[in-house]
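Single-structure report; data block below.
Chain identifiers are assigned alphabetically (A, B, ...) following the order of the sequence lines, protein sequences preceding nucleic acid strands; residue numbering begins at 1 within each chain.
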Amino acid sequence: MEGPSIVIATEELAAFYNHKIEKASGSAKFDWSQFKGQKLVITASWGKHLILSFSHLTLRIHFLMFGSYRIDNPRDNRIPKMQLSINGHELYFYSCAIKQIEDDFGDLYDFTIDTMSPLWGGAEAKKSVMKKQNAYVCDVLMDQEIFAGVGNIIKNEVLYILKMHPERKISELSSIEVARLVKVTRDYCLQFYEWKVSNVLKRNWKIFRKKTCPVCQTKVTKIPTGKLQRISHYCEKCQSL
DNA sequence: CGTTTTGTTTCAGA
DNA sequence: GTCTGAAACAAAAC
């Protein structure tokens, strides 16, 4: 799950603000008895981290590749990592990593590098990218310490918009190209959010999971790229080195 | 129906 | 210490 989806989760869960947990359970290793009676006071996100702050404890949830959550409507035959009864509803969290973090989580995170945050600057990202002269652009986009919240879908779509090959070296880019990379990434994250809220995200993918390039009809290349060796989807013709 | 993949942490070994 | 690669986790979508 990428950054924009986590923001949507925080918004959905905000409906439970100031309500007490009536019951908590799950396969994650917690003493669930301590959750009872605690109020949900804050939902927040940083990159791909979903933060749930209760009266006396704060959790950080990461959905990794396959995680999901449901409000009521549980999945059949799946044991949730965490299940909360709150305000007459059941919240289920599946196949995610849940960790307790300090309540004062503001100190743990730099929100200026969260691509979905109102505090996103862009200047920080540009500076960090320029420091990675020897890295490939596909790896830099996935770097959570530079573009927190960007995942493989956003990476591929951004590179397609930029008409940039995934294995372009940062050292080959001009300062203007780096500035454009940073701007397009931020804008696409916000666009991803809008499309997802409207349920039209997948139909707006231009290159990710496409068979051919929508511009030139060339067959989309799908191969592992960069140091990270994550699959890139790109058009050999439109995205030249 | 078998393969792929919206991701990260951990740990052994170099 | 620091880097690297493999393993672990886990399930919908193609």
_What's the separation between atom CD1 in A:I8 and atom OH in A:Y193, rounded to the nearest 0.5 Å?_
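Going from CD1 on A:I8 over to OH on A:Y193, the span is 6.0 Å.
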How many whole angstroms separate atom [atom1] of [X] from atom [atom2] of [N]?
X: A:K210; N: C:dC14; atom1: NZ; atom2: P; result: 11 Å
X: A:Y94; N: C:dA11; atom1: OH; atom2: P; result: 10 Å
X: A:I8; N: B:dT6; atom1: CD1; atom2: C1'; result: 13 Å
X: A:K81; N: B:dT8; atom1: NZ; atom2: C1'; result: 13 Å
X: A:I153; N: B:dT6; atom1: CD1; atom2: C1'; result: 4 Å
X: A:H62; N: B:dT10; atom1: NE2; atom2: P; result: 12 Å
X: A:M65; N: B:dT4; atom1: CE; atom2: P; result: 12 Å
X: A:I98; N: C:dA10; atom1: CD1; atom2: C1'; result: 14 Å

Have a look at [X] and say if it touches a base, only the backbone sugar-phosphate, or nothing, with a 4.0 Å heavy-atom cut-off.
X: A:R78; answer: sugar-phosphate
X: A:K196; answer: nothing
X: A:I154; answer: nothing
X: A:K227; answer: sugar-phosphate

*Could A:K210 and A:F208 be counted as a cation-pi pair, given that NZ or CZ must be under 6.0 Å from the ring centre and within 45° of the axis?*
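Verdict for A:F208: no cation-pi partner in A:K210.
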*Say you pick atom P in B:dG7 and the same atom in C:dC14; how far apart are they, in whole Å?*
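These two P atoms come out 15 Å apart once rounded.
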_Span that lies between the C1' atom of B:dT6 and that of C:dA6, in whole angstrom_ =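 These two C1' atoms come out 22 Å apart once rounded.
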*Determine which nucleotide pairs with C:dC14, using a 3.5 Å limit on both distances of a Watson-Crick or G-U wobble pair.*
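Base-paired to B:dG2.
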*If pairing requires Watson-Crick or G-U wobble contacts with both distances under 3.5 Å, which nucleotide is the partner of B:dG7?*
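B:dG7 is paired, partner C:dC9.
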_Option from A:K183, A:R168, A:K169, A:K126 for which salt bridge (Lys or Arg N to Asp or Glu O under 4.0 Å) with A:E177 holds_ =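 In the set A:K183, A:R168, A:K169, A:K126, the residue that makes a salt bridge (Lys or Arg N to Asp or Glu O under 4.0 Å) with A:E177 is A:R168.
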Using the side-chain heavy atoms of [X], tell me which of these nucleotides is nearest: [options].
X: A:R209; options: C:dA13, C:dA10, B:dT8; result: C:dA13
X: A:S95; options: C:dA10, B:dG7, C:dT4; result: C:dA10
X: A:F208; options: B:dT6, B:dT8, C:dA11; result: B:dT6
X: A:N152; options: B:dT5, B:dG7, B:dT9; result: B:dG7

Can you check whether [X] has a side-chain N or O nearer than 4.0 Å to OP1 or OP2 of [N]?
X: A:Q144; N: B:dT8; result: yes
X: A:R230; N: B:dT5; result: no
X: A:K48; N: B:dG7; result: yes

*asked:* Could you tell me if the side chain of A:I6 sits less than 4.5 Å from the side chain of A:F63, heavy atoms only?
replied: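 Heavy-atom side-chain distance check passes, below 4.5 Å.
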*asked:* Quick check on DNA chain C: between A:C96 and A:K202, whose nearest nucleotide comes earlier from the 5' end?
replied: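 Whichever sits nearer the 5' end wins; that is A:C96.
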*Any side-chain donor paired with an acceptor under 3.5 Å for A:E167 and A:T225?*
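Side chains of A:E167 and A:T225: no pair found under 3.5 Å.
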*Indicate yes or no: does A:D143 engage A:K132 in a salt bridge with an N to O separation below 4.0 Å.*
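Between A:K132 and A:D143 there is a salt bridge, with a charged N closer than 4.0 Å to a carboxylate O.
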